2 protein chains.
Amino acid sequence: MASTFEVLAEPHRREILDLLREGERPVGDLVERLALTQPAVSKHLRVLRGAGLVEVRQDAQRRWYRLRLDPLVELDSWLEPYRRMWTSSLDALERHLDTMEDPDE
Amino acid sequence: MASTFEVLAEPHRREILDLLREGERPVGDLVERLALTQPAVSKHLRVLRGAGLVEVRQDAQRRWYRLRLDPLVELDSWLEPYRRMWTSSLDALERHLDTMEDPDE
DNA sequence: CGTGTATATGCCTGTTGGGATATATTGCCG
DNA sequence: CGGCAATATATCCCAACAGGCATATACACG
């Protein structure tokens with residue numbers, strides 16, 4: 001988990017994940033849309049793989065990278081206690097608004 | 001948003017946020033439970049404040065730091081499209097299990 | 001087997017970031 | 001006003017990291 005944040009701290013890596021949301025992509029494909037050299041992209045992919053955010057499928061000399069959601073699920077659960085905080089205030093607001101409805105009563 | 005990830009990448013800072021979930025705390029209080037020197041803690045608080053993750057209230061020479069949820073709400077919404085991906089697969093699994101129920105029929 | 005294509009790795013460099021120590025700042029109290 | 005308590009800032013050091021270029025590796029195909 002700890003490491004997931006560090007990995008996501010890099011904007012290019014988040015960009016890669018965003019691209020992979022649409023499906024598997026070979027490295028060259030990513031290089032084209034990333035204003036980065038191929039070695040740089042490969043490096044980021046390695047880091048993403050290390051964090052389990054991505055997995056590879058080999059197809060001849062092409063390597064297709066695909067998103068893995070597990071670490072993001074963990075991130076989501078890290079967020080959970082905080083989310084409870086704002087949803088509970090939202091609930092409070094809703095309750096408040098409820099008490100205010102029908103103003104002319 | 002970009003910056004929120006970078007800020008959260010630091011474990012001590014996440015620890016600080018965790019502590020602040022229980023309520024306002026003065027700096028010294030944080031220093032005590034953080035295996036860090038006071039200047040280090042102040043630095044982290046400065047970064048957290050810069051990212052809007054924390055706000056200060058001054059009370060004489062004491063400064064009470066408090067959690068701010070806004071950036072975490074944003075993080076949550078960054079996560080949203082990914083969350084859709086795993087909830088939809090979960091839905092698919094549920095549908096699958098539905099088709100499998102009543103095995104001896 | 002040699003050549004070209006796709007991707008990974010090594011090496012170097014500049015920058016950033018966290019930590020510690022020392023010092024400045026602010027506000028209280030006697 | 002002097003001194004103490006709480007916190008912030010300045011300075012320095014070291015480690016980690018991203019990026020680029022050059023090069024290695026892997027694989028297909030003629």
Side-chain angles (χ1 to χ4, degrees), chain A residues 1-20 22-68 71 75 78, chain B residues 1-20 22-68 71 75 78:
Chain A
M1 169 76 292
S3 157
T4 300
F5 278 109
E6 290 158 30
V7 172
L8 294 177
E10 224 292 318
H12 287 131
R13 288 197 285 256
R14 290 200 300 277
E15 224 177 314
I16 291 177
L17 294 187
D18 285 346
L19 289 169
L20 291 181
E22 298 163 23
E24 275 190 331
R25 285 182 194 281
V27 179
D29 203 298
L30 296 169
V31 173
E32 283 176 20
R33 25 205 120 199
L34 276 185
L36 271 186
T37 61
Q38 174 269 313
V41 173
S42 281
K43 254 183 210 171
H44 284 306
L45 288 170
R46 186 175 166 76
V47 173
L48 287 166
R49 194 150 39 93
L53 279 160
V54 132
E55 63 188 356
V56 209
R57 178 176 65 89
Q58 188 147 3
D59 159 47
Q61 58 283 70
R62 213 157 265 169
R63 293 178 163 228
W64 297 78
Y65 279 84
R66 182 185 358 178
L67 200 52
R68 279 195 71 243
L75 201 174
W78 176 88
Chain B
M1 168 79 291
S3 158
T4 300
F5 280 107
E6 290 158 29
V7 171
L8 293 178
E10 223 292 317
H12 288 131
R13 290 198 283 258
R14 290 199 301 277
E15 225 176 313
I16 290 177
L17 293 186
D18 284 346
L19 289 169
L20 291 182
E22 298 164 21
E24 274 190 331
R25 286 182 193 278
V27 180
D29 203 296
L30 296 169
V31 173
E32 283 176 20
R33 25 205 120 199
L34 277 185
L36 272 185
T37 62
Q38 173 268 312
V41 173
S42 281
K43 235 186 201 174
H44 285 307
L45 287 170
R46 188 175 165 76
V47 174
L48 286 166
R49 193 151 38 93
L53 279 160
V54 131
E55 63 188 355
V56 210
R57 177 176 65 89
Q58 188 148 3
D59 159 46
Q61 58 283 72
R62 214 157 264 168
R63 295 179 162 228
W64 297 79
Y65 280 82
R66 183 186 355 180
L67 199 53
R68 278 194 72 242
L75 201 174
W78 176 87

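All values reported here derive from a predicted model rather than from experimental measurement. Residue numbers start from 1 in every chain, and the chains themselves are labelled A, B, ... in the order their sequence lines are given, proteins ahead of strands.
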(request) Compare the minimum distances between each of D/dC27, C/dA6, C/dT9 and the side chain of A/R62, then state the nucleotide with the smallest one. (result) C/dA6
(request) Mark yes or no for whether B/R49, through its side chain, and B/V54, through its backbone, hold a donor-acceptor pair below 3.5 Å. (result) no
Shorter than 3.5 Å, N or O on both sides, protein versus nucleotides 18-22 of chain C: list them out with atom names.
| residue | atom | partner | partner atom | Å |
| --- | --- | --- | --- | --- |
| C/dG18 | OP1 | B/R13 | NH1 | 3.0 |
| C/dG18 | OP1 | B/R13 | NH2 | 2.6 |
| C/dG19 | OP1 | B/H12 | ND1 | 2.7 |
| C/dG19 | OP2 | B/H44 | NE2 | 2.4 |
| C/dG19 | N7 | B/K43 | NZ | 2.9 |
| C/dG19 | O6 | B/K43 | NZ | 2.9 |
| C/dA20 | OP2 | B/T37 | OG1 | 2.9 |

(request) Please report, rounded to the nearest Å, how far the C1' atom of C/dG27 is from the CD atom of B/Q58. (result) 8 Å
(message) On DNA chain D, compare the nucleotides closest to B/S42 and A/D59; which residue's is nearer the 5' end?
(response) B/S42
(message) Let's see if you get this right: which residues in residues 24-34 of chain B place a heavy atom under 4.0 Å from DNA chain D?
(response) B/P26, B/V27, B/G28
Could you go over nucleotides 14-16 of chain D and give all protein N or O partners under 3.5 Å, atom names and distances?
none

(message) Counting only heavy atoms and a strict 4.0 angstrom limit, can you tell me which residues of residues 48-56 of chain B come near DNA chain C?
(response) none
(request) Measure the spacing between OG1 of B/T4 and CG of B/L48 and express it to the nearest 0.5 Å. (result) 10.5 Å
(request) Please name all residues satisfying side-chain contact (heavy atoms from CB on, under 4.5 Å) with B/R68, sequence neighbours left out, ordered by chain then number. (result) B/E55, B/D70
(message) Could you tell me how far apart A/F5 (CZ) and C/dG17 (P) are, to the nearest whole angstrom?
(response) 18 Å
Could you pull out all donor-acceptor pairs under 3.5 Å where a side-chain atom in residues 24-33 of chain B meets a protein atom, sequence neighbours excluded?
| residue | atom | partner | partner atom | Å |
| --- | --- | --- | --- | --- |
| B/E24 | OE1 | B/R57 | NH2 | 2.9 |
| B/E24 | OE2 | B/R57 | NE | 2.8 |
| B/R25 | NE | B/L19 | O | 3.4 |
| B/R25 | NH1 | B/D29 | OD1 | 3.0 |
| B/R25 | NH2 | B/E22 | OE1 | 2.9 |
| B/D29 | OD1 | B/R33 | NE | 3.1 |
| B/D29 | OD1 | B/R33 | NH2 | 2.9 |

(request) Take B/H44 and B/L36 through the side-chain contact (heavy atoms from CB on, under 4.5 Å) test and state the conclusion after the steps. (result) CA-CA 10 Å; B/H44 285 307; B/L36 272 185; 3.9 Å; yes
(request) Please check the phosphate of C/dA8 (OP1 and OP2 only) for any side-chain N or O of A/R46 closer than 4.0 Å. (result) no
(request) Measure from CZ on A/R63 to P on D/dA28 and round the result to the nearest Å. (result) 12 Å
(request) Could you check whether the rings of A/F5 and A/W78 sit parallel, tilted or perpendicular, using 30° and 60° as the cut-offs? (result) perpendicular
(message) Whether B/Y65 contacts D/dA8 is assessed here as follows: a side-chain N or O lying under 4.0 Å from the phosphate OP1 or OP2. Is that the case?
(response) yes
(message) What's the separation between atom CG in A/L45 and atom CD in A/Q38, rounded to the nearest 0.5 Å?
(response) 9.5 Å
(message) Using whole Å, what does the distance between atom C1' of nucleotide D/dT7 and atom CD1 of B/I16 come to?
(response) 14 Å
(request) With side-chain contact (heavy atoms from CB on, under 4.5 Å) as the test, would you mind laying out the steps for B/L20 and B/L53 before giving the verdict? (result) CA-CA 10 Å; B/L20 291 182; B/L53 279 160; over 6 Å; no
(request) Could you tell me the separation between the CG atom of A/D18 and the CG atom of A/L67, rounded to the nearest 0.5 Å? (result) 9.5 Å
(message) Without decimals, in angstroms, what is the distance between A/Q61 CD and C/dA6 C1'?
(response) 6 Å
(request) Sequence neighbours left out, what passes side-chain contact (heavy atoms from CB on, under 4.5 Å) with B/R63? Give chain and number order. (result) B/V56, B/Q58, B/Y65
(message) With rounding to the nearest 0.5 angstrom, report the CG to CG distance, B/L8 to A/L8.
(response) 10.0 Å
(message) Ignoring hydrogens, what is the shortest heavy-atom contact between A/V7 and A/R13? Give both atom names and the distance.
(response) O-NE, 2.7 Å
(request) Tell me, please, which residues at least two apart from B/R62 pass salt bridge (charged side-chain N to carboxylate O under 4.0 Å, His left out). (result) none
(message) Can you give me the closest heavy-atom contact between B/S3 and B/A51, atom names plus distance?
(response) OG-CB, 4.4 Å
(request) State, to the nearest 10°, the angle formed by the axis through the first five base pairs of the helix from C/dC1-D/dG30 to C/dG30-D/dC1 and the axis through its last five. (result) 10°
(request) Could you tell me the separation between the CG atom of A/L8 and the P atom of D/dA18, rounded to a whole number of Å? (result) 12 Å
(request) Can you run down the salt bridge (Lys or Arg N to Asp or Glu O under 4.0 Å) pairs that involve residues 38-47 of chain B, sequence neighbours left out, and say none if there aren't any? (result) none
